[in-house]
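Structure record follows, encoded as structure tokens.
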Amino acid sequence: GAVVSQHPSWVICKSGTSVKIECRSLDFQATTMFWYRQFPKQSLMLMATSNEGSKATYEQGVEKDKFLINHASLTLSTLTVTSAHPEDSSFYICSARRGTDTQYFGPGTRLTVL
Amino acid sequence: GNSVTQMEGPVTLSEEAFLTINCTYTATGYPSLFWYVQYPGEGLQLLLKATKADDKGSNKGFEATYRKETTSFHLEKGSVQVSDSAVYFCALSGDNQGGKLIFGQGTELSVKP
């Protein structure tokens with residue numbers, strides 16, 4: 001149990017376009033979802049915390065108008081990278097948690113902006 | 001603020017060697033401490049955790065003890081296998097932080113047969 005999926009696993013887009021990444025908890029209801037960004041050979045940096053039905057809480061330095069997060073249901077959260085630029089190229093990882101339970105991580109989405 | 005520091009990699013060991021990956025933290029209060037593992041091409045998986053001082057987390061032969069006096073949570077395994085090759089992340093979740101995890105920079109482990 002406790003499986004989290006992400007879609008797509010890999011996406012390439014042109015500069016200036018928007019990209020949506022989905023995060024789903026497949027076998028449990030996630031009251032909280034987290035979005036992280038991971039650069040090559042580096043650690044995960046928390047971008048935002050998303051609670052179902054409410055606005056996401058963004059970490060300092062993360063542009064909320066650029067990284068739109070929606071947590072419309074207990075099993076789905078989406079991250080939209082708006083007007084993407086090459087510097088947004090990265091590995092985006094979500095995690096999901098039920099109550100105060102352990103966080104379960106998705107496999108990540110590699111975004112490449114040309 | 002809270003932070004986690006872990007030893008730099010890559011670490012290369014022969015099969016059956018003893019493994020230690022150091023992790024120290026800075027935090028106020030009483031954080032929970034975690035080790036996550038990321039196998040090639042896969043997402044992070046929780047390896048073990050400890051929620052209070054002197055607790056020992058263990059799983060799959062790996063162990064780590066929550067040492068508040070030295071603010072450390074070093075990961076150890078007595079005999080590594082090739083299948084243990086992965087990136088290991090130390091992380092903490094602080095008091096009243098809503099479950100937010102702060103990660104160390106990760107340590108890549110490569111085990112050779």
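Chain identifiers are assigned alphabetically (A, B, ...) following the order of the sequence lines, protein sequences preceding nucleic acid strands; residue numbering begins at 1 within each chain. These figures come from a predicted structure and were not determined experimentally.
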Checklist entry - Do you see a donor-acceptor pair shorter than 3.5 Å between the side chains of B/Q6 and B/T107? => result yes
Checklist outcome for this item: Whatever's closer than 4.5 Å to a heavy atom in chain B on A/Q6 counts as neither
Checklist entry - Can any side-chain N or O of B/T71 pair as donor or acceptor with the backbone N or O of B/T24 at less than 3.5 Å? => result no
Checklist entry - Using non-hydrogen atoms only, which part of B/L46 is less than 4.5 Å away from chain A: side chain, backbone, both, or neither? => result side chain
Next on the checklist: So for B/F34, is it side chain, backbone, both, or neither that comes closer than 4.5 Å to the heavy atoms of chain A?
Outcome noted: neither
Next on the checklist: For the residue pair B/K68 and B/Y30, would you count it as a cation-pi contact if the rule is NZ or CZ under 6.0 angstrom from the ring centre and within 45 degrees of the ring axis?
Outcome noted: yes
Next on the checklist: Quick check on B/I102 against chain A: is it the side chain, the backbone, both or neither that has a heavy atom closer than 4.5 Å?
Outcome noted: neither
Next on the checklist: Can you tell me how far apart CG (A/L68) and CG (A/L79) are? Round to the nearest 0.5 Å.
Outcome noted: 8.0 Å
Checklist entry - Contact part of B/E108 toward chain A, heavy-atom cut-off under 4.5 Å: side chain, backbone, both or neither? => result side chain
Item to check | chain B contact via A/L44 - side chain, backbone, both or neither, heavy atoms under 4.5 Å | outcome: both
Next on the checklist: Among A/S95, A/P107, A/S9, which residue has the highest count of heavy-atom pairs closer than 4.5 Å to chain B?
Outcome noted: A/P107
Checklist outcome for this item: Whatever's closer than 4.5 Å to a heavy atom in chain B on A/F91 counts as side chain
Checklist entry - Using 30° and 60° as the class limits, which term best fits the ring planes of A/Y36 and A/F105: parallel, tilted or perpendicular? => result tilted
Item to check | Audit row: B/F62, B/Y88, ring-ring contact (aromatic ring centres under 6.0 Å, His included) steps and yes/no | outcome: CA-CA 11 Å; B/F62 291 89; B/Y88 292 82; 5.6 Å; yes
Checklist outcome for this item: Okay, B/Q45 and chain A: the region with an atom under 4.5 Å from a heavy atom over there is neither
Item to check | A/H71 and A/S50: side chain donor to acceptor below 3.5 Å | outcome: yes
